[in-house]
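Letters go in sequence order (proteins before strands), and every chain restarts at 1.
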Number of protein chains: 2
Amino acid sequence: MTRLPPLHALRAFWLVTRAGGIRAAAEEAGVSHAALTQQIQRLEGTLGVRLFDRRSRSLRLTKAAEAYAAEVDRAFQVISAATHTLTRRNASNILTTHQFLWSLD
Amino acid sequence: MTRLPPLHALRAFWLVTRAGGIRAAAEEAGVSHAALTQQIQRLEGTLGVRLFDRRSRSLRLTKAAEAYAAEVDRAFQVISAATHTLTRRNASNILTTHQFLWSLD
DNA sequence: CATCGTTACGGTGCGCGTAACAATC
DNA sequence: GATTGTTACGCGCACCGTAACGATG
């Protein structure tokens with residue numbers, strides 16, 4: 001049985017865990033922090049699992065979410081690397097402004 | 001530099017490569033075949049790479065796309081497995097009808 | 001003529017931004 | 001008061017369905 005979570009929400013989760021915070025992740029990815037908050041709430045809702053401990057004004061991964069974050073990171077890096085090798089250099093001119101969001105250094 | 005393609009389009013690509021055809025993939029995933037066609041066109045457009053050879057009325061992976069399909073398959077299986085272990089059994093009742101689409105056996 | 005992929009056309013909810021808020025350092 | 005995450009509100013297009021089409025075995 002193969003069932004995927006909402007992928008854009010998963011991407012937001014991935015960015016936040018990498019950056020260590022919502023606002024940092026938002027700036028890196030070029031999106032608003034409100035968007036990331038919504039996506040993470042959606043992910044927690046659909047999974048039925050609390051992914052972050054809200055402590056004061058910072059986020060920390062739940063124990064259950066730590067292993068998950070590691071696997072998600074692995075998966076997105078695979079996708080990123082494969083996409084990069086596929087499109088040597090003929091892609092950047094076709095991407096719309098919307099795809100240019102969500103690109104990190 | 002980390003840049004992700006449109007993830008729903010990538011998911012469609014994944015389904016089609018697994019099922020060996022658009023209509024088969026659509027039936028498996030519980031979506032319309034027209035939706036899959038659109039997603040794959042979007043993916044090819046944003047990547048700037050032709051992923052399938054259209055021969056008569058069947059699809060065959062391009063040489064360039066073969067390695068890509070393998071990596072994409074790996075990534076989605078990682079996500080699927082990790083999500084499954086994270087949500088032992090407390091998730092299925094929260095999923096909306098929309099998430100129930102795109103679930104395979 | 002049954003089945004394939006593509007195209008045409010609309011509707012709707014997801015994904016996003018802007019702007020405000022509450023809370024901690 | 002500077003900075004954090006959250007909430008409120010609204011907009012546009014990505015995403016999907018239905019229905020028709022052209023083409024091949």
Side-chain angles (χ1 to χ4, degrees), chain A residues 4-47 50-62 65 76 94-104, chain B residues 3-47 50-62 65 94-104:
Chain A
L4 296 178
L7 295 174
H8 291 169
L10 197 67
R11 174 185 57 185
F13 171 68
W14 176 59
L15 290 171
V16 170
T17 56
R18 294 188 113 209
I22 286 188
R23 284 186 119 98
E27 190 182 12
E28 266 189 16
V31 293
S32 67
H33 54 287
L36 296 181
T37 299
Q38 294 170 19
Q39 296 294 346
I40 289 182
Q41 289 173 348
R42 178 183 306 275
L43 186 61
E44 290 181 324
T46 59
L47 295 179
R50 181 164 288 268
L51 298 170
F52 289 109
D53 276 332
R54 272 78 172 177
R55 40 170 62 228
S56 68
R57 56 171 180 164
S58 70
L59 298 180
R60 190 165 307 181
L61 276 172
T62 312
F76 276 129
I94 312 182
L95 292 173
T96 72
T97 56
H98 189 265
Q99 270 88 33
F100 270 119
L101 307 180
W102 303 101
S103 45
L104 312 173
Chain B
R3 183 170 296 176
L4 297 178
L7 294 175
H8 291 169
L10 197 67
R11 174 184 57 186
F13 171 68
W14 177 58
L15 290 171
V16 170
T17 57
R18 294 188 112 210
I22 285 187
R23 284 185 120 99
E27 189 181 12
E28 267 189 15
V31 293
S32 67
H33 56 286
L36 295 182
T37 300
Q38 293 170 19
Q39 296 295 345
I40 289 182
Q41 288 173 347
R42 178 182 306 277
L43 186 61
E44 290 180 324
T46 59
L47 295 179
R50 180 164 288 267
L51 299 170
F52 289 109
D53 276 331
R54 271 79 172 176
R55 39 168 62 228
S56 67
R57 55 173 180 164
S58 70
L59 299 180
R60 190 166 308 181
L61 276 172
T62 311
I94 312 183
L95 292 173
T96 72
T97 55
H98 189 263
Q99 270 87 34
F100 270 119
L101 307 180
W102 303 100
S103 44
L104 313 173

Can you name the residues that form a side-chain hydrogen bond (donor to acceptor under 3.5 Å, both in side chains) with B:Arg54, not counting sequence neighbours? B:Glu44
Find which nucleotide of DNA chain D each of B:His33 and A:Gly20 is nearest to by heavy atoms, and output the residue with the more 5' nucleotide. A:Gly20
Is there a side-chain contact between B:Arg11 and the phosphate of D:dC16, meaning an N or O under 4.0 Å from OP1 or OP2? yes
Please confirm whether the shortest side-chain N or O distance from A:Thr37 to OP1 or OP2 of D:dT6 is below 4.0 Å. yes
Between CD of B:Gln39 and P of D:dC13 the distance, given in whole Å, is 17 Å
In this structure, how many angstroms lie between the C1' atom of C:dG11 and the CD atom of B:Gln38, rounded? 13 Å
With nearest nucleotide decided by heavy atoms, which residue, A:Leu7 or A:Ala34, maps closer to the 5′ end of DNA chain C? A:Leu7
Integer-rounded Å distance: C:dT7 P and B:Arg42 CZ: 14 Å
As an exercise, state the distance from CD of A:Glu28 to CZ of A:Arg23, rounded to the nearest 0.5 Å. 15.0 Å
Give one of base, sugar-phosphate or nothing for A:Gln41, where a contact means two heavy atoms less than 4.0 Å apart. sugar-phosphate
Once you round it to whole Å, what is the distance between P of D:dC16 and CD1 of B:Ile40? 12 Å
Roughly how many Å is it from CD1 in B:Ile22 to P in D:dG17, rounded to a whole number? 14 Å
Test item: A:Trp14 and B:Leu4 side chains (from C-beta on) under 4.5 Å apart, heavy atoms: yes
For C:dC4, does either OP1 or OP2 sit under 4.0 Å from a side-chain N or O belonging to B:Ser58? no
Distance check needed: D:dT4 C1' versus A:Asp53 CG, whole Å only. 16 Å
A:Thr62 side chain vs A:Ala65 backbone, donor-acceptor pair below 3.5 Å: no
Nearest whole angstrom, please: distance from the P of D:dG5 to the CG of A:Leu36. 10 Å
Using whole Å, report how far CZ of B:Arg23 lies from P of C:dT6. 11 Å
When you measure from the side chain of B:His8, which nucleotide among D:dG17, D:dC15, C:dC16 comes out closest? D:dC15
For A:Arg57 and C:dC21, is the shortest distance between a side-chain N/O and OP1 or OP2 below 4.0 Å? no
pair A:Phe76-A:Leu7: side-chain heavy atoms closer than 4.5 Å: no
Is the phosphate of C:dT6, meaning OP1 or OP2, less than 4.0 Å from a side-chain N or O of B:Arg54? yes
